[in-house]
Every structure is written in structure tokens, then in C-alpha cells.
Amino acid sequence: METPVNDVDNTLTTQLFSQKNGIMSALLGLTILWHPETERIGEQFIGPAEEGTIEVCRYTPLFFRPGQDGIALGHRAIARAPLVVRRTSDDSVELAAPDSRMALEVNGAVLSGTRRFTRDEVKGGVVLGLGGHVLLCLHWMTSFPRPNLFPGLLGVSSGAIATRELIRQVAGTDLAVLLLGETGTGKDVAARAIHQASKRSANPLVAVNMATLSESLAAADLFGAVKGAYTGAQAPRQGLFAEADGGTLFLDELGDTPASVQPMLLRVLETGSYRPLGASTDARTTARLIAATDQDLDARGFNQPLLRRMEAFVIRVPTLRERREDIGVLLLHMLKGCELNNAELAAFPPALVSEMCNYDWPGNIRQLANVARRMVMALQAGERPVLSQYVHAPAPPRAPGLGYPASAAQPRSASQKAPADAAPRRKLAEVSNDDLLGALEEHGWQISGAAQQLGLSRPSLYKLIEAHPAIRPAALIPREELDAALHAHGGDLARCASRLKTPSEALRRHLRVLGLDTSPAQS
């Protein structure tokens, strides 16, 4: 039996589902994005469903986790005089700064006086910086907070709760599941959660990136082959369906499935039968299919009957910019994964967290995790990182706010859009070695930018890099070559990466392991 949603009064349920002009009303919520007492991160306050006022100060309101008593923010840097948050009749929200000397920022910019946000702007999440130490997210809530039954799927947002609820619903069935969402949103994590919550959890979860299958051998990879079925088949070959029998087969990058095997997949879904390459009889499988894509399969000419079959149960995994209130919880988890102790977590710069909470993260959770790891390495090396050092195409500089140092990341407003869409998706076979080198050169040997230009996912790009004869793993480059490159280019990482033919992120990590300085030489 599922744990009860929360120990909240039933009147809140009535509020959540009250109707206004025929539209379901949402609650106005506050989530703690960052707090020196890091165990407080993710606590929430449930505000009004209609017109009403919230006063935010050191002593009010009370923030809680499901099943726990509420606690005030309490930090001494937060003023006793309240920041007034007023929800109006048209669902806009007005903020009125307190009469105090407390440092107060809204979406990274200093707030003095009042400011009004539309319903859509609040939907994008409004980041409040209080006293230079505490960060809150003001947002809409369409689900009550509830205990997380899937520890791998972090988040306190309504979007995260809704995703977990759909996973709970489908896990106990044998339905095919199609996971939709941008790259980096955690579709693979959702697939593992479905498998682990299913009756198949004791059996294998077999995952395959469909973009890595060649047109000629895709059928053998998926369905197996008998001896002599094709040139080089010197022994019988077990396919992925046989390997996943009784368990789950996860088809990642479904849109890149070779056209020749799409009808074969349809037959498996319809009948449970398939024929290994070169075999004279059919085989059967009980594997459950889960697939994921970040592409519009209708627009790509994907096999329509197969797509309709895969749509037996669809889960759209939300982007990180749609669940801004989760950034603090996710960041804290990532920092703990870097083995920071409690004191180091508490000392992580709030100004840096503010930048991260105000960025729209085109690479979603995967990009956030990569940036967080690199920032930890920079801090441990005694540097003072800013977000613009680690994200592609940083925004213009912003003016510093009270209590937060100047940064190269621009304050975000909810009306700002995410970066432009990447190039149309391509298959690995369509990208030549020269194409790959050209994209890496153009983007300073950074993986994210090159992948976007080529229309590939990061995992697919790594496959091409591993197979490219001219690109080398940073860890295998001789020390004397590294020293020569650093000396020749004054520590310019992009130019060093170009000379050494290795991705810049991997090169930076390897140089730090060796204790080599990557800062530009001073003239």
C-alpha cells in the first residue's frame, strides 16, 4: 500500500481542485532550493489556491517534508520584516520587498520596491535569494508533496511526483512503455525504475542504444543468428531479446532504429515471436519493451504501426526548466556523490547555487551533474568558479546584486526561452570522421556543443569518438606531449585539446589529476 500523501488538512484538497473560470486552480508553493542547513533543502510550504498573501521572513512561514512538522527558515541573515508575496485574482503574483537591509534578489537581480509576475512566469519558477544564504523557488503546485517511493527519481516538484505516479501505475503491468523527453532528462533512470518496481525485477534489464546498431547487423544484434547466417558468423549468436527473456529490454534512442528492423520489432510486440537471422523456426520472448526518444517520431517517418504499439503507455519526462524547484535537491545529491562532507556542503557558495538555479539547462539533469562535478573540482583546487565557465554559449554579464558577487550568467526571467534547438537528428552512419573533427574544432573540443551541431546525443557522440582513429583518450597521451601542449598554448585548454586531439573536459580532468596547471600564462 502506498504511503499517504501527506498530513495536510482536507480543506487543501478542496482548494487544489477548486474551479476558477472552468480551469483547475493550482496552489502557490515555496520550495527551499538552498539553505546552510542542507537537510532543509527540498522542504516546502503550501500557499493559497486563490487570492491570498504569504509573508516570508525569519519566522514564517513553516516549511515541511511529508510526515514532518513544519519549521521556519530561521537563518539570522533573513530579516524579521517580511517579504510579502501576494496572489491576485488573475493568478499573477506580486512581490513587495521588506523594509530592511536584507540582501534580496529575484531571478538573480536585486529587488527593491515591488515586482509583478504573470501566471506563466511563476510556472517557470521564480528564484528568491534571501540574505545571501537562503534560496527559495516560488512556483505552482498541482500535486501535494508525498514520500518518494523511487529513490533514484529525485524531486519534490509536481512534475517529478506525476512522473513517479505514472511509473507506479505501469510498473506492475506488461505494457510496452514509451518514454518521451529531451536529452538528459533521466529517461534511462525512469526505465530502470519501471523495471525495479515490476514483477520482473529479479530478471535482467538489458539496455541498447539503437543509434549504435549498424543497418547490416541490427537484426542479428536484436534477434540473434545461427552459425553461418552472415559473413563472420562462426558460431550461433544470442540476441538481445533472448538475453532479456523474462526481464526488460530497454531500447534507448528509439528514433534511430534502423528501418529494416522496425517491422521485426512490430512483430515481436504483436505476437511475442521473432526469427533469428538464418534460422528456420521462430523463437519466442517474454521480454517487456521499454523505449525512449527525444525525437518527434511522427515527423521522422518512423514505422507508424510500431509507434502506435509502443504508445501503449506514454510517460513524458519533464525538462529541468519545467521543474526548477528540484534543482536544489538534485544539486545536493550530486555534491554528496562527489563525497563532500557536511561542512563542505554547507560552504558551497550560495552565489554559485543562485546562478545554477537561474539557468535554463538545455542539457537538463545530465548537464547539471557534469557542471556540478567540474565546479567541485575547481573549488577543491582553490579556484572561484562561475557558471559561464562550464556552460555552452553563456549569457551576457549581469549586474551584481546585494550579497551576491557579479557573475557572467544573466538573470533569468520566465519569458526567456531555452537555447535554440539543436541540428536535426542524424544517424551515426551519416556522420563522417571529418564531420566529427570539424564539429569538435568549432566548439573547442567540448562534447555538448559538438553533439548539438551534429544532431547527435552525447552517448552517440562518444561512440564516434571512441571509433575515430585520430582522437585519443586523454589518459593515454604521454606526459611529455601534455607538457609541450601546455607550454605552446599558455594553458589555453581548447587549443591544447585541438593539438592533442582529445575532448577538452576529459583533458581538464586528467591534467588536474596530474597536478598540471591549465590557467593561461601571464604576460
Side-chain angles (χ1 to χ4, degrees), residues 150 152-153 163-164 166-167 169-198 200-201 203-215 218-219 221-223 239-274 285-319 364 366 425-428 456-460 463:
F150 299 96
L153 290 168
T163 299
R164 292 195 294 261
L166 289 173
I167 289 173
Q169 290 175 17
V170 78
T173 75
D174 287 326
L175 291 173
V177 180
L178 181 59
L179 299 166
L180 303 177
E182 294 181 6
T183 182
T185 51
K187 299 185 293 296
D188 57 333
V189 178
R192 288 196 296 271
I194 295 171
H195 175 74
Q196 288 300 323
S198 75
R200 302 166 175 269
S201 59
N203 295 320
L205 169 66
V206 178
V208 56
N209 185 329
M210 303 302 283
T212 66
L213 300 183
S214 67
E215 188 81 32
D221 289 332
L222 290 167
F223 307 112
L240 295 172
F241 271 97
E243 187 178 341
D245 193 44
T248 303
L249 180 58
F250 174 46
L251 309 179
D252 201 5
E253 308 280 4
L254 180 67
D256 292 321
T257 302
S260 61
V261 300
Q262 291 180 22
M264 302 178 192
L265 287 174
L266 175 61
R267 181 176 180 236
V268 175
L269 276 171
E270 290 180 331
T271 68
S273 298
Y274 63 93
T285 182
T286 60
R288 187 229 193 119
L289 279 185
I290 301 176
T293 185
D294 60 357
Q295 304 175 41
D296 181 351
L297 299 186
D298 284 306
R300 287 182 61 85
F302 193 81
N303 184 297
Q304 290 298 294
L306 173 58
L307 179 56
R308 299 291 88 84
R309 283 283 183 174
M310 286 305 311
E311 289 176 335
F313 198 96
V314 178
I315 299 176
R316 180 184 171 275
V317 183
T319 63
N364 293 292
R366 182 183 297 120
R425 291 299 295 263
R426 298 165 69 182
K427 295 184 177 181
L428 292 179
L456 298 173
S457 66
R458 289 174 63 97
S460 296
K463 289 285 184 182

Heavy-atom closest pair (I290 atom, M310 atom, distance to 0.1 Å) is C-CE, 4.5 Å
Any side-chain to backbone donor/acceptor pair from R288 onto L175? Under 3.5 Å, distance only.
yes
**Prompt:** Can any side-chain N or O of K187 pair as donor or acceptor with the backbone N or O of E182 at less than 3.5 Å?
**Reply:** yes
(request) Could you tell me whether a side-chain N or O of N203 sits under 3.5 Å from a main-chain N or O of A244, the two making a donor and an acceptor? (result) no
d(L265 CG, E270 CD) to nearest 0.5 Å is 11.5 Å
CG of L266 to CD of Q304, rounded to nearest 0.5 Å, is 11.5 Å
Which of E253, Q295, K463, R366 passes side chain to side chain donor-acceptor pair (under 3.5 Å) with S457? Answer is E253
- Aromatic ring pairing F223/F241, orientation class (parallel under 30°, perpendicular over 60°, tilted between): parallel
Trace of the side chain to side chain contact (heavy atoms under 4.5 Å, CB included) decision for E243 with L249: CA-CA 9 Å; E243 187 178 341; L249 180 58; over 6 Å; no
Return yes if some donor-acceptor pair links the side-chain N/O of Q262 with the main-chain N/O of F302 below 3.5 Å, else return no.
no
With distance as the sole test, does D245 use its side chain to make a donor-acceptor pair with the main-chain N or O of T286 at under 3.5 Å? yes
dist I167:CD1 -> Q196:CD (nearest 0.5 Å) comes out at 12.0 Å
For V261 and A219 the tightest heavy-atom approach is CG1-N, 3.6 Å
In terms of heavy-atom contacts, A291 and L254 come closest through CB-CD2, 3.7 Å
inquiry  = Using only atom types and a distance under 3.5 Å, with no angle test, would you say the side chain of T185 pairs donor to acceptor with the backbone of T319?
reply    = no
Scanning both residues in full, the closest heavy-atom pair of G181 with D294 reads O-CB, 3.0 Å
Taking every heavy atom of A176 against every heavy atom of A312, the minimum-distance pair comes out as O-CB, 3.6 Å
Shortest non-hydrogen pair, A211 vs D256, comes out as CB-OD2, 3.5 Å
